Amino acid sequence: MNILLYFEVWTADETTHITTSPPIQVASGTTGQWQVNVNLGNGDYGYRVAVKNTGGDGTGEIWNGTFSPWTKFQTRATPPAKPTLDSRDYPPNYWGHGAGTFYFKTNPNDYTTAGWAYSFTGPGTVKVPNTNDCNYNQTFPNGGWVARKPITTGAGTNAQVIPANFPPGYHTVHVRAFDRAHNLSAEETAYVFYVAPSYGVTTRLNTGDPTQVAVTQPAGQNIPITQEDGRLHFDGTAAGQSFSMAFTAPLEADYALGVRIASGLVPGNRNNVTVTVDDVPKPLIPAGQIYGALGGVHLTKGQHVITLSTTGSHTGGGLDPFDVTITGIDAIPLNNVTTNSFTEAMDNDGISNDGTTVSADKSLDFDGGALSAQTLAAAGLAPGASLTVQGSTFTLPTPNSAGFDNVVAIGQTIPLPAAHQVPSTAIGFLVASTCGETPATTVGITYTDGTTEQPALASITDWAKPSQGVATPVATLPYRNVGATKDTVNKPTVYTVFIPANPLKTPQKITLPNLGTAFRRTCVDSAALHVLAMAPRPVTPPDGKTWAGAWTAPADTTTPPPTGGFANKTLRIIAHPSITGSEARIRLSNTGSPTPVTIAAATIAAHTTGAATTTPTTLKFNGNTTVTIPAGGDAYSDPVALPTGGSGNLAISLHIPNTVTTTPVHTANGTTTYLASGNATTNPDAAAYTTTLPSTYYLTGLDVTTTASNGTIAILADQNTRAPDTHTSWGDTLATQLGNQLPGGLVTTTHTTPPPPGWWTALNQTTLAGPRLRTVIVTLGAQDILNGDTPQNTTSKLTQLIDDINGYNRYKRPDGTRIRVILSTIAPLGLDPNSTQEKNRQQLNADIIRRYGQYGANELINLDQALRDSANPANINPTYLTNDVPNDTYYQRITQTFHTGITNGTITF
């Protein structure tokens, strides 16, 4: 049987008929429906249904004379209005801390808003309620809903939307209103607020509690002041009256200060109020405003005073216009704070997985850029990995509970771990700079005896720019992450940089430079210094031995390796130690390489002839026979007995199992390297070593044990220091001649080809990392003159090397005295006497002789005078040449010049 349905729509009060449907025929037992044929707009309505029986054949309509019960409904054709948002916990564009409540509000005449949807992940990301969602008070990851309270209670609703553990930094909450039809407001409100880091101190002070806030007023004023029920009420009667609130800052830091003002039908301030903090004027608080943001101020630990004064400008007519009611003081530390650990201090998310997006305001460059976790891992720099660079061992950061993996330097004081609180010659930092080059600045060292120092920290090149300056590049990675994409054009670089420390004291904590706030939205301020790790360069290494350098060959460049990438090859390097000791260790370096290198086996033996040796001794690294060195890192072997006998030279053999694409190399050092296939490290004979190479790979140092009064004397040279086809330099000869007069070992660093960019800088840092460095002999500048550089530029580089922000004389020997520097004139180069180059050489020499002290040197050695031909000063004395090449006599003359200076007391090592 068929029936006919008639729908009627009326206003909700059942007084006004709106429309009726045509008859809707349906079969008995089925459901009928009708789409309203008029635009109902926004309103409250009801509908009812009448049923007629058709008699089966469509005729004879029979109606029982009644309607169904009313069904009431609302229509929302027009979206709700754009919402507004406010908060005293997190004022707009200002700092807050801890859990935070926001006040969601709509136009009082807007009766359609049912609630508000909010999101912290960006515009257009709020979650819309669906048909089955009736609970409008819900939270989700990165957002939630807030239900509007009944209209009779006001136009808005307070809701806590910021949890206590919300990550610090700049944030934006995006809000849209929705109605019961779940239409969203056409416009979205964006509200910017800042979350301060947590330092474990109270940041919201109760002005109603005299133990937290002590209130005073000027003598003779006698205005009633009450402190109760969580508020302070000043019953002012005229303009120019004032009261002061004293509070205690729990630590020294840069603070964001704010004053919370009572709100309600009667505002807490009905006149403009002027403010001072410790007698320094701060922004005026306008009448009717519920929060007074007082801006940033540096507060020492202890008591401080906020003073409020009434003015003649007010609102409210006769409603006590000069009253002021304060409900709280916000004193929120932002930077220059003391933390309990490096991990706790980490405040930036600078490392991301490929293909993922880091929130821009928390990223390394504050604009979505980050270091790639995958490229760092490929370089051997994964979280938790150890990296030794120039005597300091860093631990790569593991993200803290907030997901942060580095510290943006904003003046934090960070304690060193107990294991790092040891007498040290330097403190090292693993860093990256974003938003440009960070300027040279200072870093604080606090020692266990309570004394402090402020050594200079060099500038750091922007992470995406070619490296320059005195910081040492650790690794340049193949790409950086920008959002979810890879930027292969602007390759990022991570650096190490060092500051001198007092080796007679024990460093306890480090105060980073304050380079501005860590919480930015873009690079709108100064450059930011990101610290990934810090570590000391201890006077005594972990093995507890006292070492002196006996031979060195620091990497001065990187090249593709010869002969198929060294895969399953053994390098045997012949080195001449300048001194001997009971034990020896080697230093291996992977400087400049973008990937780790594995040394599968290493031995040391006394050299006999060619590639032959005595029985080799196995070398271990932290107890292991193999070692993998991260990109840019070093590795020291465990001590072994120093091999004796043979030619007086030592043979160090290294087995490299895998192909390497880039290898660090020290060129033109007079050292022979032999190459064998397979693992030939334990072979004493030379049969397997069928190839010779002119340079040194991976092996950068050989140290021997010595007494505590001894150390390392380093010779920095850019001309040959040895005759052709010999392993012995003039430094070695001098060491032999001086014997017990030499306070340690002599090591020679030579680069005779045009130096690569940054070579002097690398030379400086490598030399400073030498064990117990005590004296540096600088014989540099010849290559610069030959390359056409001016005397002024060469002078500048020499001064920077010796006396500038990271120069040698800024550092101390283990006994606490300054490292001594001996500066040499440039020996004759055989140039045309009338050439610009020769004139530049003579001008530079004359300047060095006249004012070597202003270069930062302690003493002068005049090798030009010792070696020149008196008849032709542009040339070397012919006695010292064989076929126009310096012979043994040349180097013996250099040795004798030093020996004479030491004997007569004009030179001191």
Side-chain angles (χ1 to χ4, degrees), residues 375-396 428 430 472-478 493-496 532-533 535 537 541-543 551-561 565-573 575 584-604 618-640 652-666 673 679 681 695-703 762 765-766 769-771:
T375 61
L376 285 170
L381 305 176
S386 291
L387 170 71
T388 299
V389 179
Q390 298 169 6
S392 292
T393 298
F394 304 93
T395 299
L396 274 295
L430 183 65
T472 302
V474 171
T476 297
L477 305 172
T493 300
V494 177
Y495 295 87
T496 54
L532 285 80
R537 181 186 290 159
D543 59 28
W551 176 91
T552 189
D556 45 45
T557 189
T558 56
T559 63
F566 288 156
N568 195 26
K569 302 288 186 182
T570 298
L571 299 166
R572 177 163 286 175
I573 301 152
R585 69 174 184 179
I586 66 170
R587 181 175 75 249
L588 303 176
S589 299
N590 196 24
T591 306
S593 173
T595 56
V597 64
T598 295
I599 307 298
T603 62
I604 188 171
T618 297
L619 292 172
K620 293 184 178 181
F621 301 84
N622 198 26
N624 302 307
T625 56
T626 66
V627 63
T628 297
I629 310 171
D634 302 323
Y636 292 86
S637 69
D638 300 337
V640 296
I652 294 88
S653 303
L654 310 173
H655 176 232
I656 302 171
N658 306 315
T659 298
V660 293
T661 57
T662 303
T663 178
V665 59
H666 181 75
T673 297
N679 181 1
T681 56
S695 302
T696 302
Y697 303 89
Y698 296 114
L699 179 69
T700 55
L702 169 69
D703 304 328
Q765 286 294 349
T766 303

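It should be emphasised that the depicted structure is a prediction, and the values quoted were computed from it without experimental measurement.
Other residues, nucleotides and ligands contribute only 12 or fewer heavy atoms inside 6.0 Å of the CG atom of Asn622.
Judged purely by distance below 3.5 Å, without hydrogens or angles, the side chains of Thr393 and Thr388 pair a donor atom with an acceptor atom. Counted by atom type alone, Arg537 and Ser392 present zero donor-acceptor pairs between their side chains at under 3.5 Å.
Considering every non-hydrogen atom in both Tyr495 and Val474, the closest pair reads C-CG2, 3.9 Å. The heavy-atom pair separating Ala601 from Asn679 by the smallest distance is CB-ND2, 3.8 Å. The minimum heavy-atom distance linking Pro630 with Gly380 is given by the pair CB-O, 3.7 Å. Between Thr570 and Ser653, the closest heavy-atom pair is CG2-CB, 4.2 Å. Asn590 and Thr595 make their closest contact through ND2-O, 2.8 Å (heavy atoms, listed as atom of the first residue, atom of the second, distance). Across all their heavy atoms, Ile573 and Leu654 have their closest contact at CD1-CD1, 4.3 Å.
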Exercise. Step by step, work out the side chain to side chain contact (heavy atoms under 4.5 Å, CB included) result for Tyr697 and Val597.
Key: CA-CA 12 Å; Tyr697 303 89; Val597 64; over 6 Å; no
Quiz prompt | Trace of the side chain to side chain contact (heavy atoms under 4.5 Å, CB included) decision for Lys620 with Val627 | solution = CA-CA 8 Å; Lys620 293 184 178 181; Val627 63; over 6 Å; no
Quiz item: Trp551 and Ile652: side chain to side chain contact (heavy atoms under 4.5 Å, CB included), yes or no, with the steps?
Solution: CA-CA 12 Å; Trp551 176 91; Ile652 294 88; over 6 Å; no
Quiz prompt | Audit row: His655, Leu571, side chain to side chain contact (heavy atoms under 4.5 Å, CB included) steps and yes/no | solution = CA-CA 6 Å; His655 176 232; Leu571 299 166; over 6 Å; no
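With rounding to the nearest 0.5 Å, the separation of CG in Leu381 from OG in Ser386 is 11.0 Å. Leu588 CG to Ile599 CD1: the interatomic distance, rounded to the nearest 0.5 Å, is 6.0 Å. In this structure, Phe394 CZ and Leu387 CG are separated by 7.0 Å, a value rounded to the nearest 0.5 Å. In this structure, CG in Leu396 is found 7.0 Å from CG in Leu376, a value given to the nearest 0.5 Å.
Panel note: side chain His666, backbone Ala555; no donor-acceptor pair is recorded below 3.5 Å. Distance alone, capped at 3.5 Å, is enough to place a donor-acceptor pair between the Thr700 side chain and the Arg587 backbone. Proximity of a side-chain donor or acceptor of Thr663 to a complementary backbone N or O of Pro561 within less than 3.5 Å is not detected. Side-chain atoms of Thr558 never come within 3.5 Å of backbone atoms of Thr662 as a donor-acceptor pair (strictly under, hydrogens ignored).
Between Thr552 and Leu702, every side-chain heavy-atom pair lies at or beyond the 4.5 Å cut-off. Here the side chains of Pro771 and Asp703 are in contact, with some heavy-atom distance below 4.5 Å.
Of the listed residues (Val494, Val389, Thr395), just one forms a side-chain contact (heavy atoms from CB on, under 4.5 Å) with Leu430, and that residue is Val494.
The side-chain hydrogen bond (donor to acceptor under 3.5 Å, both in side chains) analysis of residues 623-638, with sequence neighbours excluded, yields the pairs Ser589-Asp634, Thr598-Thr628.
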